[in-house]
Amino acid sequence: MEEAVHHIANRKLFLHRGAYFLEGTVTPEYIDSLEDFQVRDSDVFVITYPKSGTVWTQHILSLIYHEEHRNNTGHIPTVDRVPWLEYNWTNVDYEQRPSPRLFSSHLPHYLAPKRMKNKKAKVIYVTRNPKDNMVSSYHFTHMMKKLYEIQDNIPDIGAFMEGYLTGIEVFPCLWIDHVSGWYAHKEEFNILFLSYEEMIKDLRGVIQKICNFLDKQLDDQSMERVVGRAAFRTMKADPLANYQSVGGKELHFFMRKGTIGDWKNIMTVAQNERFDRVLQEKLKDLPIKFIWDIN
Ligand code: A3P
């Protein structure tokens, strides 16, 4: 068997307190310091396992909160509108940032700031069915390796799946641990759970749900704009929303297909059966009804 994912693009992974992080972008000390991060009551965090619709939800949040982004006059990329808690790529001074601050994170629940548990700050946690999540991650890994011209250690889908299922050097940890951890500890947070699939099927309904959670109502015209700007095609063509600046080179690798059920196009019957054997029992314990197919 080929080896599992050892790095994200040109970044090696390092293990700290049960989760992998991108070397050179964050230190173990900084991760530990997040425990005492000064969370404000008005803070909002988008938390996901990677490839679950993070960028999409970041974008939606920024559109709900900021008229200039709805009108496309803000000229600020999503990554700066909703910066990463654990990866301060752009050296944003979080202390100086006006409220309400919007953050993104891939942290497992047990590394979240203590003050997030005051149940005032808001957390939006987005899940995606794990087959599409794995396939999206597989393509992302390939695109990143291509972008950085990394020729070695490119796993095929079978090898990639084994890494995904066993969690060996998978960023940031096993999918099931991330999702079940946040669900199991939901009472400790002021948290709204969403799924990528419900966003695909009823974007407007989900945006309204987010607005209700944030206690932020939009008039009809503003809602129309948020829905329009958050549509896949619009986002893909929007250099501020498609994350093309991340990585320093222009490539729309965060906006790939944007659908449900793409796993069927790449996983073999045997791989699908193996995936089910490993995960199905564990999925039954989650309070989520997964949608596996667009129909
Ligand atoms: P695919 O690779 O399956 O296309 P993340 O932001 O967590 O990295 O997730 C990326 C996934 O979300 C990609 O999935 C991407 O295409 C999808 N995505 C991003 N914006 C979207 C949108 N507006 N509508 C539908 N899917 C979107």
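Every number for a ligand or one of its atoms is a count from 1 in the order of the listing.
A heavy-atom cutoff of 4.0 Å around ligand 1 is satisfied by the protein residues Lys51, Ser52, Gly53, Thr54, Val55, Trp56, Arg128, Ser136, Tyr196, Ile200, Ala230, Ala231, Phe232, Met235, Phe254, Met255, Arg256, Lys257, Gly258.
Between the side chains of Tyr196 and Asn133, not a single donor N or O lies within less than 3.5 Å of an accepting N or O. For the 3.5 Å distance criterion, the side chains of Asp262 and Thr259 fail to qualify, holding no donor opposite an acceptor.
Here Lys264 pairs with Asp293 under the side chain to side chain contact (heavy atoms under 4.5 Å, CB included) rule; sequence neighbours left out.
Between His109 and Trp182, the angle of the ring planes goes over 60°, which puts this pair in the perpendicular group of the 30/60° scheme. A tilted orientation is assigned to the rings of Trp175 and Phe290, their planes being inclined by 30° to 60°. Ring-plane geometry between Tyr125 and His178 is classed as parallel, the angle between the planes falling under 30 degrees on a 0 to 90 degree scale with a further cut at 60.
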